[in-house]
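Data block below; observations after.
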Amino acid sequence: VGSVVRFRVREGTDPVRMLAGLEGRVHLEREPHRDVDRVVYETFDWRFLAADSILEHRRSGDEAHLVWWSLSSGEVLGQLPVDAVPSFVWHLPYAPVVDRLARVTEVRALMPLVALHTAFESRRLVDGEGKTLARLTLDRTTVDDGPALPAVLELTPVRGYASNADALATLLSAQVGLVPEQDDPVTLALRAVGFAPGSYSSKLRLALDPGATAYGAWITVLRALSAMMQANEAGLRADVDSEFLHDFRVAVRRTRSVLSDALNVFDPDVRSWARDEFRWIGQVTSPPRDADVFVLSMPDFEAALPAVRRGDLKQFQSFLEDYRAETHADLVSALDSDRSRMLFERWREVLDAPLPDLDRAPQAGAPAVEVAGAQIRRAHRRVIRAGRAINAGSHPEELHELRKGAKRLRYLLECFGSLYANDVVGPVVRELKGLQDVLGDYQDTHVQSEAIERFGQQMIERHGAAATTLLAMGSIVEHLDLRGREARDNFADRFQQFDGKEVRRSIDEIGRA
Amino acid sequence: MKVVATYNLKGGVGKTATAVNLAYVAAKEGNRVLVWDLDPQGAASFYFRVKPKVKGGAKALVRGKRELDDVVKGTDFENLDLVPADFSYRNLDLQLEHTKQPTRRLGQLLRPLRKDYDYLFLDCPPSISLASESVFEAADVLLVPLIPTTLSLRALNQLDRFLKTGGVRNPPKVVGFFSMVDRRKRLHRDVIDQVGRRRRVLKSLIPAATDIERMGPRRKPVGAFAPRSRSALAYRELWAEASGRF
């Protein structure tokens, strides 16, 4: 398609006069001037930016559109006439573009980031037959209640006419009033109001120093996890979308797991206190997360029923929504409690504390590479031992224990993986993920089946439940059991893959590092 | 990506006007739309002011020497692209004959574009040939413009029979609609009333209007130069009804 070329208009240059000057040299056709009120939307974890795009709501006169455009090519990827932007894209009126948007956002909500006002002045570069060969747009943007940004002139190529756009770019480059600009006006606006586009990701993006001490590395990891909890707390409390709780909870669990693997790196009293308290906060997040998973699974549950019975789940759905609201309120109360406040206050002090007394934490000063390596090897050994012991007659609890072990190994690899070479850690994570998927499916379907039976009982006790609803819920339990059995059948193959040479070789290498 | 082919065995029934105007309406709604002008006469390319020329012609495309993606041209409208016509398309049958699975070839060529567009309109020449069979395999929907006469309805039935018995593996959905309707003509009124209850023929009507004829001198879809005209409204209604059927 070609890339958009951007120029910043130098202060003191009148861009409209400059465009008028260009009109004498190339065939430019004027488009109507547009004054547009814009609100830029993003997900909390910058998914539109990661997809090289910007989503914004534009209002001009009586018209209002949600416009999605590509940052690099300037192309419009889709637009919809929408008066008010809903929190979730699946609440938009259906159009194919909504499916494409949903692939970007998945379960994340749209959040307004910044409001802008832009005066657009556009020209079309045309050939002798009036055919558009490239578009030239002068963008003069002011941030609402904020600064006016430098005017930006954008040259957007039209597919199939790259050479015409190139020629115009050369002509523009020679203009003294223009200097090349890397960023688009929206990114400039976001920076101007203090956003750091792309700053949050649910992935831990750590680059640990391979020469660090164990204490140094552990503290770096725990600080990053603490920052992740903090980053998600407001969205979790406001219930913006389910991912805030998910990411908060993962950070809590990683913290606990990393502390469990920090024997002799921390003062034992501190470690024991923190493990207990993070276990508590982790437990508090479980019911609302389970409720979220149920609500998110609803489309799958409905799909598992024959079309004529899908409506029968309505009562169950409204029960779940109430249950979700209750568990969420309980979580917020727990976060507001003295216990929670004290936990996070003391935890901040721990993270700022200097190296602990080596008598109480003999491994604190040891090389991180060695200490983390030993923990990774130990965690791997535990998974292998537990996995090999599982046979067709094993109790579900044994698979559950294996799942916990696998998770612990995964957390270690995610948190400390950057101490080792990428090609060493990558294959282990890949195979481990495959194993975890099977174990997760097995365990989750089991837990969900039990919960549905419990919910059914509660529905009867609370308001009475329609027989049709209970029958539909029964069908879901059957469907879940079937899925659980499939996962159980896949276990042996998946585990064998994990228990292979490639993973063993990588683990040995981590141990030798 | 939904593939919509505007098709009729007869010429001059409004196939190109339908493809061009519906593509414009769909793009205006915010969908990413591609039109492939398969007619060697290149009327759709003319309306979009794109030269009816493809480097290497039909041969290069069919034999995979040139990706369809490489010959796409942007039009004057955002979200609306065109694969231009080429005079060599008159030999498309011959080129397809040289391939292993001639009727599936068109679908194979479209595959890389599926992720880039929401709708592809195939503006087909009036014929029944290897090329049209290839269109039948690739299309999800055949949108058939019908002039309200007894014969045009017979043509719709014949097309149905062919799709059922002609060995098309995945026959498209056939949706007819009345085009070039002149309400002053009794025959038109009678035929429309007669088929009013048939599900396969849409209720929306495209009038025989000078606005549509003006597409020639204006070289634009009706909606781009007369957005409030009766014809532009008719195409918007047709698209709303037709896309609801997809």
Side-chain angles (χ1 to χ4, degrees), chain A residues 1-2 4 29 31 34 51 53 55-58 63-70 73-82 89 92-104 120 122-135 137 156-165, chain B residues 1-4 25-35 37 42 45-55 66-84 113-120 140 216-220 224-225 227 236 239-240 243-244 246:
Chain A
V1 181
V4 67
E29 274 196 7
E31 296 281 288
R34 284 175 303 144
S53 64
L55 182 73
E56 59 173 290
H57 188 246
R58 290 185 176 189
E63 292 198 346
H65 286 89
L66 193 61
V67 183
W68 181 26
W69 50 275
S70 157
S73 73
E75 262 193 317
V76 173
L77 302 171
Q79 57 179 319
L80 275 175
V82 172
V89 294
L92 288 166
Y94 181 75
V97 60
V98 177
D99 279 343
R100 285 192 278 120
L101 286 168
R103 281 200 283 277
V104 176
F120 286 112
S122 305
R123 303 285 184 274
R124 290 187 300 128
L125 175 72
V126 293
D127 64 10
E129 300 193 22
K131 166 77 184 70
T132 311
L133 306 171
R135 294 188 173 87
T137 308
T156 312
V158 169
R159 197 168 183 157
Y161 301 92
S163 58
N164 301 87
Chain B
M1 182 178 79
K2 282 261 180 271
V3 181
V4 182
V25 174
K28 266 287 203 194
E29 280 186 358
N31 297 297
R32 305 193 80 191
V33 181
L34 179 66
V35 177
D37 184 359
S45 307
F46 174 82
Y47 288 138
F48 285 123
R49 304 170 192 240
V50 175
K51 288 192 184 88
K53 177 86 195 125
V54 170
K55 268 190 192 163
R66 185 169 285 278
E67 291 278 334
L68 206 49
D69 205 20
D70 290 343
V71 301
V72 171
K73 298 279 185 189
T75 68
D76 289 347
F77 311 102
E78 275 176 348
N79 287 348
L80 179 47
D81 294 345
L82 176 86
V83 176
L113 294 171
R114 287 197 169 267
K115 64 179 189 330
D116 292 341
Y117 296 96
D118 298 315
Y119 292 101
L120 164 64
D140 298 297
R218 300 301 293 263
R219 297 186 72 178
K220 281 177 184 174
F225 65 84
R236 285 201 291 275
W239 175 244
S243 58
F246 305 164

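These figures come from a predicted structure and were not determined experimentally.
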| What part of Y117(B) gets closer than 4.5 Å to chain A, counting heavy atoms only: side chain, backbone, both or neither? | side chain

| How far apart are the closest heavy atoms of V76(A) and R32(B), and which atoms are they? | O-NE, 3.8 Å

| Going from NZ on K51(B) to CG on D127(A), what distance comes out if it is rounded to the nearest 0.5 angstrom? | 6.0 Å

| request: Can you measure from CZ (R100(A)) to NZ (K115(B)) and round to the nearest 0.5 angstrom? | output: 12.0 Å

| message | Quick check: do R159(A) and L82(B) have side-chain heavy atoms less than 4.5 Å from each other? | response | no

| At what distance, to the nearest 0.5 angstrom, does CD of E75(A) lie from CG of D116(B)? | 8.0 Å

| message | If you compare all heavy atoms of N31(B) against all heavy atoms of P96(A), which two are closest, and at what distance to 0.1 Å? | response | OD1-CD, 3.1 Å

| query | Near K28(B) NZ, under 6.0 Å, is it more than 12 heavy atoms from other residues, nucleotides or ligands? | reply | no

| field | Under 4.5 Å from a heavy atom of chain A, the part of Y119(B) involved | value | side chain

| said: If the condition is salt bridge (charged side-chain N to carboxylate O under 4.0 Å, His left out), which residues does E31(A) pass it with, not counting sequence neighbours? | reply: R124(A)

| query | Where does L77(A) contact chain B at under 4.5 Å (heavy atoms): side chain, backbone, both or neither? | reply | both

| With only heavy atoms counted, which part of D70(B) is less than 4.5 Å from chain A, the side chain, the backbone, both or neither? | neither

| Gap between atom CD of E29(A) and atom CG of D76(B) - 0.5 Å precision | 8.5 Å

| So, R49(B) side chain and E129(A) main chain: donor-acceptor pair closer than 3.5 Å or not? | yes

| query | Which atom pair, heavy atoms only, marks the closest approach of P81(A) to E29(B)? | reply | CD-O, 4.1 Å

| request: Look up atom CG in L133(A) and atom NZ in K73(B), then write down how far apart they are to the nearest 0.5 Å. | output: 9.5 Å

| query | Residues in side chain to side chain donor-acceptor pair (under 3.5 Å) with D99(A), at least two apart? | reply | Y94(A)

| field | Distance-minimising heavy-atom pair for T132(A) and T75(B) | value | CB-O, 4.4 Å

